[in-house]
Amino acid sequence: MEEGPSSEMRRFSAGIRVVTALMCTVLLLAADGPEGGLPTVVLVAYSLWSAWLLWAEARQRPRITGVWPFWVDVVWSCAAMKMFAAGSSMMLVTLVHPVVLASIGFGVGSGVVLALLAAVGIAYDDFGRWMQELPEGWGHALPLLLVLGLMPAAALLAQPMSVLRHRQALVVGLEAQLDPRRGFEATCGELVQRLCKGTHADVVALVPPTRRASPAMLATGEDGSFRARAEVHRQLETLLADVPASPVSYIVRRAWDPRRRLRVHGGPAPGREVAAALAALARTLDVRSLHVVPLTRYGQRHGHFVVGYGSPRSALQDISVLSGAAPDLLRIVEQAALVDQLQDESASLERARIGRDLHDSAIQPYLGLKYAVECLALRTSPDNEARADIDALAQLVNNEVSSLRELISSLRTGAGQGDNAFVPAVRRQARRFALLFGIDVDIQSPEHLPTTRALAGTLFHMVNEALNNIRKHTSAQRVWIALSADTGVVRMSVRDDAASRQGRPANDFRPTSLSERAAELGGSLTVARPNGLDTEIQIEIPL
């Protein structure tokens, strides 16, 4: 998590430091006076140093935010105890401030190191006397042993405050930086990315239940945040199904390592199936250790946070902070999901309104045309030469009316073909083209070719433009269109038989407008002659 004390803690520490410096300076000087100029210089220098830090914090322009000011405090306290004979026991109290605040702001490890440094500094001159008095009994050495033991204990006792401080900093920082109005995917993508950076983890995953139709979001240090595929989401949810409702840590250990692999924080020990599932989860995420924090509210599980590390030495403080912040993180996730739900409901209402408007306006002229053509067909005798053309025109109008009704129905119900409507639209257009211009169009395509609505519309216009180019500039009687999609790319090829009918290759050309459309979509267009004669346009567009 983010290291370092908050601005309020730094100001509090600066004030305590100034008060300590002034009080100790007055008491030590009044007790036995300085022996030479060095003690006076040390006392005055530390007082000025403390006053400067307080001035910088008061102006909200901190110049020093690392841990080493607390090292200065410890060194000064130890030096003052050695320089003055009287009052040295009182100076032990001054060591509590740097040890405890360093533990809260920078973690228990930094506090323990400072405590050990303080203990070594205190015992430096007393070690020889302690060795001389040790044969007389442990009672003479007991005060020194208490100092050596209580200083690291003070750092360890500050761990709950350190976890609370990191949790508050995490929640406040995320609430200030994340905007749930951006929707679930954008908000949760940034959330897992910030957690990945804050915990220095190799991978962080947010795995919501698949029944809620919300995607699983992952983040790595190299790739940033991204959306997991549906099959990966289902696999992660299956592996997390048996994990208990308490935070869990798992470490991949060697076969000969006797230390336990699974640790439950605040709950009963789970069975072996949980350990096997977490081992599979670690292999899936390619990590050596991981923390799993369930998102639970009112007895119901709303997903999991998974934090994975490439090293088997994961930070236990991270899971303490995450488990404490889990209710606030769940609130952020639910707000983002609620925004998506409200957007879907608003879109459904808007689709229904547009559908009603289209039914009342756009479809009425087509219905009038349909009735007029059918009336004309009834008034034309079957042996009339124009009857076949009139029947074909009537069929074309009926197909268009059916397509409009299908579109309006899908808009009003929200249950239309959606992104799979591209292929049926191309097939209908091919039938109309063949009927109107006498050029056969053969479509080779899967039944479903998922695309976005915007991309489907652009591809449909490109198909129309290619067919119109063939009609205007060639003598082709047959066209082959092939559509496919794989590995995130949509491929489309259009080939005609004009050169085969003429018996010679067509002139070289490159459709400028199609090339520009493909380039705007980040794709490419190439012109080839697969049989040495006929021209084939090959277009590739990334999804």
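These figures come from a predicted structure and were not determined experimentally.
Side-chain atoms of Thr210 and His233 include no donor-acceptor pair closer than 3.5 Å.
For the pair Gln335 and Leu338, the minimum side-chain heavy-atom distance is 4.5 Å or more.
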Test side chain to side chain contact (heavy atoms under 4.5 Å, CB included) applied to Leu295 and Leu206, step by step: CA-CA 10 Å; Leu295 301 176; Leu206 169 60; 3.9 Å; yes
Side chain to side chain contact (heavy atoms under 4.5 Å, CB included) evaluation trace for Ile251 with Tyr309: CA-CA 9 Å; Ile251 300 177; Tyr309 302 85; over 6 Å; no
Verdict with reasoning, Phe184 to Val333, per side chain to side chain contact (heavy atoms under 4.5 Å, CB included): CA-CA 7 Å; Phe184 183 89; Val333 172; 3.5 Å; yes
Trace of the side chain to side chain contact (heavy atoms under 4.5 Å, CB included) decision for Leu195 with Val307: CA-CA 9 Å; Leu195 288 179; Val307 182; over 6 Å; no
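Distance NZ/Lys197 to CZ/Arg194: 7.0 Å, rounded to 0.5 Å. Here the straight-line distance linking atom OG of Ser249 with atom CZ of Arg263 works out to 7.0 Å at 0.5 Å rounding. If you take CG on Leu459 and CZ on Arg517, they are separated by 10.0 Å, rounding to the nearest 0.5 Å. With rounding to the nearest 0.5 Å, the separation of OG in Ser515 from CD1 in Ile539 is 8.0 Å. To the nearest 0.5 Å, atoms OG1 (Thr284) and CG (Leu278) are separated by 11.0 Å. Note that CZ of Arg253 and CZ of Arg288 are 9.5 Å apart. Values are rounded to the nearest 0.5 Å.
Under the side-chain hydrogen bond (donor to acceptor under 3.5 Å, both in side chains) criterion, Glu231 pairs with Arg229, sequence neighbours left out.
Checking side-chain atoms of Asp202 against main-chain N and O of Gly310 turns up a donor-acceptor pair under 3.5 Å. With hydrogens and angles disregarded, no donor-acceptor distance shorter than 3.5 Å links the side chain of His291 to the backbone of Phe305.
When every heavy atom of Trp76 is checked against every heavy atom of Ala21, the shortest pair comes out as CH2-CA, 4.4 Å. Nearest heavy atom pair, residue Ala245 against residue Pro294, reads O-CG, 3.1 Å.
Between Val274 and the choices Asp242, Leu239, Val292, the side-chain contact (heavy atoms from CB on, under 4.5 Å) rule is met once, by Asp242.
In this structure, Arg17 forms no cation-pi arrangement with Tyr46, as its terminal cationic atom is not both closer than 6.0 Å to the ring centre and no more than 45° off the ring axis.
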If you look only at distance, which donor and acceptor atoms sit under 3.5 Å apart when one is on a side chain in residues 216-223 and the other is two or more places apart or in another chain?
| unit_1 | atom_1 | unit_2 | atom_2 | d |
| --- | --- | --- | --- | --- |
| Thr220 | OG1 | Asp223 | N | 3.0 |

